[in-house]
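Below is one structure; the comments refer to it alone.
Only this structure's heavy atoms are used, side chains among them; waters, hydrogens and symmetry mates stay out. Chain identifiers are assigned alphabetically (A, B, ...) following the order of the sequence lines, protein sequences preceding nucleic acid strands; residue numbering begins at 1 within each chain.
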2 protein chains.
Amino acid sequence: MALADPSHPTCTAARYAEGVQGGYSPNVPTNRKPRVTIDQVAQATGVSRQTVSRAINNKTEIDPETRQRILDAAQAMGYRPSRFARGLVRQDLITIGLVIADVLNPFFPEVTAGVLEAAERRGWQVVVYNTGSERRKELEVVDMLFDQVDAGVAFLLHHDAIAKATAGNLPFVLLDKGGRAPAVPGVRIDFEGGARRGLEYLIGRGHRRIAMLDDEAYLSAEAPNTRRELYLKVMGEHGIPVDINWIQPAHNSIDGGAAAMERLLSAHRDVTAVFAYNDLIAIGAQLRARALGLRVPEDCAFLGFDGLSIGELVEPPLTTLHIDKRRLGEIAVEQAALLLGGMSEDEIPEAVIEPQLIVRASA
Amino acid sequence: MALADPSHPTCTAARYAEGVQGGYSPNVPTNRKPRVTIDQVAQATGVSRQTVSRAINNKTEIDPETRQRILDAAQAMGYRPSRFARGLVRQDLITIGLVIADVLNPFFPEVTAGVLEAAERRGWQVVVYNTGSERRKELEVVDMLFDQVDAGVAFLLHHDAIAKATAGNLPFVLLDKGGRAPAVPGVRIDFEGGARRGLEYLIGRGHRRIAMLDDEAYLSAEAPNTRRELYLKVMGEHGIPVDINWIQPAHNSIDGGAAAMERLLSAHRDVTAVFAYNDLIAIGAQLRARALGLRVPEDCAFLGFDGLSIGELVEPPLTTLHIDKRRLGEIAVEQAALLLGGMSEDEIPEAVIEPQLIVRASA
DNA sequence: AATGTCTCCGTGAACGCTCACGTGAGCGGT
DNA sequence: ACCGCTCACGTGAGCGTTCACGGAGACATT
């Protein structure tokens, strides 16, 4: 039940080089051997830099025999061209930074897959950063980004991190810009449409006492919490009274969903449906509800958000609002490409991902 | 059921900037604006490079007023220091390459989490590459690695890719070196111990007709398939006759496991337990078995390998051999650090990860 | 008035590579 | 003997920074 929980209780004893463990000095750079340069190889083989360069880069205008001699020497001397020196002269090596909240949350690997694929098509490198949605980390990572990459594709929660990221001169694209940053290029996920479709589905099935399990991370962030507001809005539009205690904050994980569900049930056993912030929370909640003896969906229905594949594994399979996460990543890279190509931020076309209701069996 | 399957059937209609879609020219570099250099900023503000450098890098020996003036100008001009020029002069920026088979397979995000964390502790960057276990891609990625990073941490299946990777002068660490490359630094996962523990557990519970669902990727790779061999070995040691058709190749995914299980059942309905190559395959197999009316574990027991968190979601929760994947990633980075520190390959201490049997309910 | 000490700023060199040239040797054709 | 061409290789410059200096001016000290 610890899908997003790193400290898995059952994972123990990885024995690693018993006793020698201490041999790993955490941060001492030790005796870094100085770089072997192209000139050294040239000198050792009695040719010029340029000839070595030709050998290394598999170019023409070089005697095959000489090439082999140089290659052998380079290999023996431990020579490897410096990517910095190379990058300095050839301007076509592009690296983008992908900033995500948590690799362990299955949402992000899917986005990453899209980004990786789109980047590979262009021959770009992708460096990945994890923030854990912590404000401090987000700010830190944004700083790194400016130094290390040519463009940023990021999932950022905290508005000051977003502000910092977009203030600089770095081409920057937001994954899920969620209404909060209209001027910034990025992809918008239409939560409004999604939440509306989902809730109206529940309401249409006769549900009135619909609880909401919200992501607690949004409480600390100063971002507008659209999913929660939308819940209140849609419920209001249908004239359904909402008990404010139906809304429970949950940690963004399966365990978090379970805990929140337990809190909810202890106070409001009478809810007939749960609308969760995302699938992870929904799954945890549903699992816990079943463990506590509730039948799903008869006693309580569950509706998730994100459309994670793992929603198909639980019993009953989770009904959810599916987001095409892979496409999300791809579009973000496409936008980054436009930015890199010289397009100004406000010329970037609007990108919207529309969540689709997938009715499985939990609601 | 498509956890490792990118083309999710239910994911449709992501409308993106209707009609404008064509605006994204796939690979045309368009009019890339030339880089603004430090000298241009210097000239524009009437100071020298060095003073601009001081302003940008927040150093002393500069009038606060001048600094602000420069900073403003730099911002306005769209100046951003070149990471290449910087890296060339300061030798302390390290980037490692992480090569994995498939981000969508939950095994790898966990490894990635460990790598990311360990790298961050050292202030290293991590660029991620996906191979899909394809030979062509693996070879391609290894080539990239040489150009782009200071050290490689990789999961490689094909022995020629491994050979290529270790032949060069790049510090290189194998995630799961699985016996096949004794000289290469890397982490060994003790499959023998794990498989033995798992199989003996099954045998101890009275199972005799134990099938094996193997990863088909190993059939094309020329790597020794240890899990399969171990299965034969351990069964042999216990004097249990094995029908060779009990071994079914499966695509490394939930769907693959399901399909393989169906094939297995059509030929050998009498098996009482299934030992899967990994959890993904085990989950798919178990799901399909239940869908076909079998009771788990009464009619057929299931044993996985990897200890994925999602194994806890299925019904009944999957019994498995848990691998501490996060630690795996961490150790690999530690080894890379040693290599980078100048330690020779054969001085790297042996690293072994010991799979732990987690008995849940499927076996 | 001469000397010392700050503070602020500039200059040359170096980092390791590739690109656009230049060069000399060898060879065939006229 | 001359020209022209090809092949193999070398030279100078430049990519955009930072580092180790050096130096001018302001101000206080002797």
Side-chain angles (χ1 to χ4, degrees), chain A residues 32-71 73-74 77-95 144 146-150 168-170, chain B residues 32-71 73-74 77-95 144 146-150 168-170:
Chain A
R32 179 85 112 286
K33 39 190 171 188
R35 190 169 254 299
V36 178
T37 74
I38 198 173
D39 287 292
Q40 293 175 31
V41 178
Q43 191 153 6
T45 48
V47 297
S48 70
R49 289 170 275 147
Q50 182 58 19
T51 305
V52 176
S53 175
R54 282 192 263 256
I56 297 291
N57 298 334
N58 229 344
K59 297 220 171 170
T60 60
E61 303 193 18
I62 184 176
D63 187 347
E65 206 171 293
T66 313
R67 152 173 300 141
Q68 195 51 53
R69 215 183 68 233
I70 294 176
L71 252 28
M77 298 173 68
Y79 170 71
R80 219 158 38 80
S82 148
R83 70 169 181 285
F84 293 122
R86 238 185 206 171
L88 197 54
V89 54
R90 331 196 327 218
Q91 310 284 44
D92 57 342
L93 312 173
I94 293 187
T95 300
M144 299 240 79
F146 278 84
D147 286 0
Q148 308 285 358
V149 302
D150 301 304
N169 293 309
L170 187 71
Chain B
R32 181 84 114 286
K33 39 189 170 189
R35 188 170 255 300
V36 178
T37 74
I38 198 172
D39 287 293
Q40 295 175 30
V41 179
Q43 190 154 5
T45 49
V47 296
S48 71
R49 291 170 275 147
Q50 183 57 20
T51 304
V52 176
S53 176
R54 280 192 265 257
I56 298 290
N57 297 334
N58 230 342
K59 297 217 170 171
T60 60
E61 303 193 17
I62 185 174
D63 188 346
E65 206 170 294
T66 314
R67 153 172 298 139
Q68 195 53 51
R69 212 183 70 232
I70 295 175
L71 251 31
M77 298 173 67
Y79 169 71
R80 217 158 40 80
S82 147
R83 69 169 183 286
F84 293 123
R86 246 191 198 163
L88 196 55
V89 53
R90 331 193 331 214
Q91 310 283 45
D92 57 342
L93 312 173
I94 294 186
T95 300
M144 298 240 80
F146 277 85
D147 286 359
Q148 307 285 358
V149 301
D150 301 303
N169 293 309
L170 187 71

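Side-chain contact annotation: B:Thr66 with B:Arg54, donor-acceptor N/O pair under 3.5 Å absent.
Between the CG atom of B:Asp92 and the P atom of D:dT18 there is a distance of 12 Å, rounded to whole Å. If you measure from atom NZ of B:Lys59 to atom P of C:dG10, you get 16 Å, rounded to the nearest angstrom. At whole-Å resolution of the value, CD1 in A:Ile38 and C1' in D:dG14 are 15 Å apart. Atom CD1 in B:Ile62 sits roughly 9 Å away from atom P in C:dG10 (whole-Å rounding). In this entry the distance linking CG of B:Asp63 with C1' of D:dA26 reads 13 Å, nearest Å. Between the CZ atom of A:Arg49 and the C1' atom of D:dA8 there is a distance of 17 Å, rounded to whole Å. Taking atom CG on A:Asp39 and atom P on C:dA14, their separation rounds to 13 Å, with Å as the unit. Across the protein-nucleic acid pair, A:Arg69 atom CZ and D:dA8 atom P stand 14 Å apart, rounded to whole Å.
Listed by residue number, B:Leu88 are the residues of residues 78-88 of chain B with a heavy-atom contact under 4.0 Å to DNA chain C.
In this structure, B:Ile56 CD1 and B:Arg86 CZ are separated by 8.0 Å, a value rounded to the nearest 0.5 Å. Note that the CG atom of A:Asp147 and the CG atom of B:Leu93 stand 8.0 Å from one another [nearest 0.5 Å]. Taking CD1 from B:Ile38 and OH from B:Tyr79, the interatomic distance works out to 4.0 Å, rounded to the nearest 0.5 Å.
Taking 4.5 Å as the limit, some side-chain heavy atom of A:Asn58 sits within range of a side-chain heavy atom of A:Arg67. Counting heavy atoms from C-beta on, the side chains of A:Gln148 and A:Thr95 never come closer than 4.5 Å. In this structure, the side chains of B:Arg83 and A:Asp150 come closer than 4.5 Å at one or more pairs of heavy atoms.
Of the side-chain N and O atoms in B:Thr66, one or more sit less than 4.0 angstrom from OP1 or OP2 of C:dC9. Residue A:Ser53 has no polar side-chain atom (N or O) positioned under 4.0 Å from OP1 or OP2 of C:dC17.
Within the 3.5 Å criterion, the main-chain N or O of A:Val41 finds a donor-acceptor partner in the side chain of A:Thr45.
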What pairs of nitrogen or oxygen atoms, one from the protein and one from nucleotides 21-27 of chain C, lie under 3.5 Å apart?
none

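Between A:Arg80 and B:Leu170, the shortest heavy-atom contact is NH1-CD1, 3.3 Å.
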